[in-house]
Amino acid sequence: MGNGQSNSAPVPKAGGHGDHWGCIFRNVEEDVLLNMIEAVVSTDAQPEKFGPGKQDSAYRSAGERLRVCVLVEGKDLISAYPEAQVGAAWPITVREVVPWANGLEGQITGDCNGAIISFFDTRFYANGHKYTVGQTYDFEMGALAYTLEPATELEGVSDELGTKVSFKGACAYMPAGMGNEHADIDDLWFRSPLDGEVQQVELEGKRLSIYPITIAIPEHFEMNLPLYAAEHVLGAGMEGIKRGDDVEGFLWLQGHLREA
């Protein structure tokens with residue numbers, strides 16, 4: 001656990017996370033998205049209540065692994081985003097809490113066994129006030145792919161003895177913002193071998209594949225992820241990918257506090 005020091009008041013940032021639907025749909029027209037949101041709100045008869053007086057609501061579509069979350073403050077629609085539900089638990093020591101201006105969404109920056117990571121907290125509206133900088137929490141992690149393709153062959157480097165070291169099977173990630181000024185802190189480039197069999201899931205009639213990957217192994221802890229990828233984000237050759245093959249791409253990292 002961390003040192004228990006209290007948070008200073010974080011400064012909200014402009015924007016929100018209701019603009020990531022390109023991970024799910026190739027083209028998103030406003031009326032199509034609004035119809036989907038309206039359907040989720042009208043179908044969920046028992047939304048999660050939160051906020052002062054429990055006047056605010058989080059509506060969700062059906063689905064055990066991937067679902068739509070719609071945030072409504074009073075009677076005002078605030079945001080809607082795809083939400084990964086099931087993933088591996090990572091122990092993350094919180095270093096910074098980054099709320100968004102709407103007050104209901106936010107990001108967490110922390111470290112997992114020394115690996116620095118930032119992600120979108122899909123339940124920030126309920127848990128954002130609980131975090132203390134320096135404390136360690138278990139977060140359940142998942143991701144959605146912006147792009148996914150077979151990994152390119154990287155030329156091996158030589159060690160001190162002149163032996164070539166191969167990158168095959170390497171697990172690595174870096175912030176996408178290092179090469180893209182439009183990327184946010186929860187956007188990552190990654191390279192990883194496929195850890196298991198590809199599975200299928202549907203989100204509001206859209207079929208996606210689930211690719212199990214590991215983006216890093218700090219201090220022997222495997223930072224596993226279920227990576228959800230729609231067909232339109234897949235590069236050439238992905239249909240032949242099998243367990244043990246290397247893949248790479250860009251992803252949107254998500255997590256939520258694992259409840260006791």
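Every value quoted in this text rests on a predicted model; they were computed, and no experiment measured them.
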Quick check: is [Y] connected to [X] through a chain of hydrophobic side chains (ILVMFWY, heavy atoms under 4.5 Å apart)?
X: Leu144; Y: Val86; answer: no
X: Ile217; Y: Ile213; answer: no
X: Ile92; Y: Ile116; answer: no
X: Leu33; Y: Ile78; answer: yes
X: Ile241; Y: Val198; answer: yes

How many angstroms lie between atom [atom1] of [X] and atom [atom2] of [Y], to the nearest 0.5 angstrom?
X: Arg258; Y: Asp138; atom1: CZ; atom2: CG; result: 7.0 Å
X: Asp121; Y: Ile108; atom1: CG; atom2: CD1; result: 5.0 Å
X: Met223; Y: Ser192; atom1: CE; atom2: OG; result: 11.5 Å
X: Lys168; Y: Asp245; atom1: NZ; atom2: CG; result: 6.0 Å
X: Lys54; Y: Lys49; atom1: NZ; atom2: NZ; result: 10.5 Å
X: Glu222; Y: Cys171; atom1: CD; atom2: SG; result: 7.5 Å

Gln200, CD atom: more than 12 neighbouring heavy atoms under 6.0 Å: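 More than 12 within 6.0 Å, yes.
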Residue Glu231 excluded, over 12 heavy atoms near CD under 6.0 Å: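 No - once you tally the heavy atoms of other residues, nucleotides and ligands closer than 6.0 Å, there are 12 at most.
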Residue pair [X] / [Y]: nearest heavy atoms and the distance that separates them:
X: Leu234; Y: Ala229; result: CD2-CB, 3.9 Å
X: Ser57; Y: Pro47; result: CB-CB, 4.1 Å
X: Ser61; Y: Glu204; result: CB-OE2, 3.3 Å
X: Ala230; Y: Cys23; result: CB-O, 3.5 Å
X: Ala58; Y: Cys69; result: CB-SG, 4.4 Å
X: Leu253; Y: Gly142; result: CD1-O, 3.6 Å

Reference residue Arg65; test side-chain hydrogen bond (donor to acceptor under 3.5 Å, both in side chains); the match among Gln199, Glu83, Glu202: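 Between Arg65 and the candidates, side-chain hydrogen bond (donor to acceptor under 3.5 Å, both in side chains) is satisfied uniquely by Gln199.
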Are any of the side-chain heavy atoms of [X] and [Y] separated by less than 4.5 Å?
X: Glu105; Y: Tyr81; value: yes
X: Asp186; Y: Ile117; value: no
X: Leu251; Y: Leu227; value: yes
X: Arg123; Y: Glu48; value: yes
X: Lys206; Y: Ile24; value: yes
X: His220; Y: Asn113; value: no
X: Met174; Y: Leu188; value: no
X: Trp21; Y: Met36; value: yes

Hey, does the side chain of [X] reach the backbone of [Y] with a donor-acceptor pair shorter than 3.5 angstrom?
X: Gln55; Y: Gly74; value: no
X: Glu248; Y: Thr152; value: yes
X: Gln254; Y: Pro82; value: yes
X: Asp31; Y: Leu34; value: no
X: Trp90; Y: Asp111; value: no
X: Asp44; Y: Arg60; value: yes
X: Thr109; Y: Ser118; value: no
X: Ser42; Y: Ala39; value: yes

Tyr131 and Phe139: CA distance, side-chain angles, deciding distance, ring pair (Phe, Tyr, Trp, His ring centres under 6.0 Å) verdict: CA-CA 12 Å; Tyr131 305 128; Phe139 287 92; 5.6 Å; yes
Under-4.0 Å salt bridge between Arg191 and Asp246: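 A salt bridge links Arg191 with Asp246.
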Check against side-chain contact (heavy atoms from CB on, under 4.5 Å), Thr214 and Leu225: CA-CA 6 Å; Thr214 301; Leu225 277 177; over 6 Å; no
Stepwise ring pair (Phe, Tyr, Trp, His ring centres under 6.0 Å) test for Tyr211 and Tyr228: CA-CA 6 Å; Tyr211 294 86; Tyr228 298 85; 10.0 Å; no
From CA spacing to verdict: side-chain contact (heavy atoms from CB on, under 4.5 Å), Gln107, Glu96: CA-CA 8 Å; Gln107 298 156 310; Glu96 185 180 11; over 6 Å; no
Derivation and outcome, side-chain contact (heavy atoms from CB on, under 4.5 Å), residues Arg243 and Asp195: CA-CA 6 Å; Arg243 183 172 186 168; Asp195 289 339; 5.7 Å; no
From CA spacing to verdict: side-chain contact (heavy atoms from CB on, under 4.5 Å), Phe124, Leu104: CA-CA 6 Å; Phe124 189 87; Leu104 302 184; over 6 Å; no
Under 3.5 Å side-chain donor-acceptor pair for Asp187 and Tyr146: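 The criterion, which ignores hydrogens and geometry beyond distance, is satisfied for Tyr146 and Asp187.
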Test item: side-chain donor near acceptor, Tyr125 and Glu73, under 3.5 Å: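 No.
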